[in-house]
Amino acid sequence: MALPTNSPTAAVTKAPSTSPTTKRPTKSPNSSPATPVITIGTFSFSDINTSSVDEEEFTTVLRETIEELGCPQDIEYRSCECTILSINGVAQRNRLRRLSRKLQSSLVAEYKLVIKAICGVSDCSDAQEVASQVYKQVTGDLLDAIQDGTIVSSLQETSSTLATFLQGATVSGDFSEVVVPILTLLSNWYPNWIGGSNVCLNDSDEPTYMKIYGDYYESSLDACCERYFSWDIYTCNGNSETAPIGFYPNWGESETKCLNSTQTASTIPDYVLQNPEQWLDNDIEACCEQHYNWAYSDCISFSGGSSPSTATGDWYVNHKDKICQRDCLEEGGGSCGGLAKPWKTLYKTPSSCCSEELSWKRSSLCEAQSNLTAVVGTSEWYVDWSVEKCAKDCDDSSDASCGGLAKRWDKLYGTSNDCCERIWYIERDECTVG
């Protein structure tokens, strides 16, 4: 049986330690937008003991120490993580997972500290200011730790091996390489499909598959909402607690009227809230024109608006009846077609209205029908191609030569002989109707 030694060994035991780790706990979760801030720097250790030390142990402890001393205490953040990039110029990704080799009498460690700092405003437009504050505090805290020896003592406290390794060591720092912030990430808005929230986020916490494929992002909140939640833009834009302003059609009732959203905030239909740009108009007139144009005046009146009491007396087209009508109150009778809708073009005479709006009709016919007067033909002649005979432009049943009113495209001739010349291949005594 081996006798016990006179002094305890300095080797690390395999039993777990009951004392807490030195690594700083993460801040409590925060759903506010965050901006990544990256601080890159180096620590140079001189006059270190040349005794053997495990490099993996050293880099692990150094990483935790930088997080403990460098993660900001007075700035709210979502996460703060340190990565050791290289030791004496050798990238950590290029070394074996469990590398144990003799370290030199001096050592330069390059690190990267990534802090997801919480923005002060919802669109993270203050990212540059936040990043500057983070950088100022991080570098200030680490410089203080160098000058007062905290960084060396913190490393020595972790194990007796490192205590011996760093005995008498001096350290300096270089924080010249800084990236503040990664502004391009601030514009990476992505759809949040979790839980049916129907919102877009730019909190840099998107799923891994979005980061890998990269084609889920949009440069603004509006663009992201338009792409992924166009049917519920109002909620996606974050305006679900405030009623949008405007007038929308009252489809649920028999009255042809538009409702004011500010007066019916508690009963606005979901489809209006989800897409206000489609359903809301700026005023009653626009809403009635858009949704009740067949009963425009009634809609204006039922909606609480004022219908005009005067009319211009000018003329506008009625495409349904293929005539022109006067702009006047309906009780005016005759050629009055009621008050013209706001979008109707007005003309001073029925002739100008017919020529501009119903140009495919013969002007004399259009004017006569618009004025509710008897339609009289020109008594000139035209070719009725359906029977290949010449007919008179008239609508008189007592005249056997009348072929009805000529169409606008029919060419008129002063005499039947002139018309028959057009169909010269027909015998003259068989050229005309009747």
Side-chain angles (χ1 to χ4, degrees), residues 21-24 35-75 77 79-117 128 130-159 161-183 185:
T21 65
T22 59
K23 185 175 182 178
R24 181 190 299 274
T35 175
V37 181
I38 298 179
T39 301
I40 299 175
T42 59
F43 285 115
S44 300
F45 296 87
S46 303
D47 302 324
I48 58 177
N49 195 306
T50 57
S51 61
S52 176
V53 68
D54 184 82
E55 183 180 334
E56 186 170 13
E57 176 190 4
F58 177 76
T59 55
T60 299
V61 173
L62 179 60
R63 174 179 56 78
E64 294 177 349
T65 300
I66 293 175
E67 290 178 350
E68 172 67 22
L69 299 177
C71 292
Q73 299 181 17
D74 301 325
I75 297 176
Y77 60 86
S79 63
C80 179
E81 297 180 358
C82 177
T83 301
I84 304 301
L85 302 177
S86 66
I87 299 294
N88 286 341
V90 179
Q92 292 299 284
R93 65 176 179 272
N94 293 331
R95 67 177 177 84
L96 297 175
R97 180 173 177 78
R98 297 189 59 82
L99 175 63
S100 292
R101 62 181 174 87
K102 299 278 186 179
L103 294 176
Q104 305 167 11
S105 59
S106 62
L107 180 148
V108 178
E110 183 182 21
Y111 69 90
K112 176 175 69 175
L113 190 63
V114 181
I115 303 167
K116 287 187 178 180
Q128 187 65 54
V130 171
S132 297
Q133 293 175 350
V134 170
Y135 173 63
K136 183 178 180 180
Q137 180 165 339
V138 169
T139 55
D141 289 345
L142 291 178
L143 283 172
D144 289 343
I146 291 173
Q147 293 172 0
D148 62 18
T150 301
I151 190 165
V152 173
S153 61
S154 296
L155 292 169
Q156 289 177 316
E157 290 174 359
T158 59
S159 74
T161 303
L162 288 180
T164 302
F165 175 66
L166 295 172
Q167 185 176 0
T170 58
V171 62
S172 61
D174 181 2
F175 311 104
S176 59
E177 296 187 46
V178 180
V179 181
V180 288
I182 306 178
L183 291 175
L185 294 182

**Report entry** Point-to-point distance, once rounded to the nearest 0.5 Å, from CD1 of Ile146 to CG of Asp141
**Finding:** 11.5 Å
Query raised in the report: Under 6.0 Å between the ring centres of Phe165 and Phe45?
Result: no
Query - Note, Val171 side chain near Leu166 side chain (heavy atom, < 4.5 Å) - result: no
**Report entry** Flag, side chain of Asn88 to backbone of Val108, donor-acceptor distance under 3.5 Å
**Finding:** yes
Requested in this report: First locate atom CD1 of Ile87, then atom CD of Glu110, and finally report the distance between them rounded to the nearest 0.5 Å.
Outcome: 9.5 Å
Requested in this report: Report the C-alpha distance between Val134 and Tyr77 in whole Å, list the side-chain angles of each, state the deciding distance to 0.1 Å, and finish with yes or no for side chain to side chain contact (heavy atoms under 4.5 Å, CB included).
Outcome: CA-CA 10 Å; Val134 170; Tyr77 60 86; over 6 Å; no
Query raised in the report: Sequence neighbours excluded, which residues qualify as side chain to side chain contact (heavy atoms under 4.5 Å, CB included) partners of Lys112?
Result: Ile38, Ile40, Leu85, Val114
**Report entry** Under 3.5 Å side-chain donor-acceptor pair for Ser159 and Glu57
**Finding:** yes
Query raised in the report: Nearest heavy-atom pair of Cys80 and Leu113: which atoms, and what distance?
Result: SG-CD1, 3.9 Å
Query raised in the report: Do Glu81 and Lys116 come within less than 4.5 Å of each other through their side chains, counting heavy atoms only?
Result: no
Query raised in the report: Listed by chain and number, what are the side-chain hydrogen bond (donor to acceptor under 3.5 Å, both in side chains) partners of Thr150, not counting sequence neighbours?
Result: Asp148
Query - For Val61 against Leu155, the heavy-atom pair lying closest together - result: CG1-CD2, 3.6 Å
Query raised in the report: Can you tell me how far CD of Gln147 sits from CG of Leu142, rounded to the nearest 0.5 angstrom?
Result: 11.0 Å
Query raised in the report: How far apart are the closest heavy atoms of Ser154 and Thr65, and which atoms are they?
Result: CB-CG2, 3.9 Å
Report summary line: Shortest non-hydrogen pair, Tyr111 vs Thr42, comes out as CE2-N, 3.7 Å
Query raised in the report: If every non-hydrogen atom of Ala145 is compared with every non-hydrogen atom of Leu69, which pair is closest and at what distance?
Result: CB-CD1, 3.7 Å
Query raised in the report: Can you name the residues that form a side chain to side chain contact (heavy atoms under 4.5 Å, CB included) with Ser172, not counting sequence neighbours?
Result: Ser44
Requested in this report: Would you give the length of the straight line joining atom OG of Ser79 to atom CD of Glu67, rounded to the nearest 0.5 angstrom?
Outcome: 10.0 Å
Requested in this report: Walk me through it: do Ile151 and Phe43 pass the test side chain to side chain contact (heavy atoms under 4.5 Å, CB included)?
Outcome: CA-CA 10 Å; Ile151 190 165; Phe43 285 115; 3.6 Å; yes
Report summary line: Heavy-atom closest pair (Gln137 atom, Gln73 atom, distance to 0.1 Å) is NE2-N, 2.8 Å
Query raised in the report: What is the distance from atom CG of Leu62 to atom CD1 of Ile84, rounded to the nearest 0.5 Å?
Result: 4.0 Å
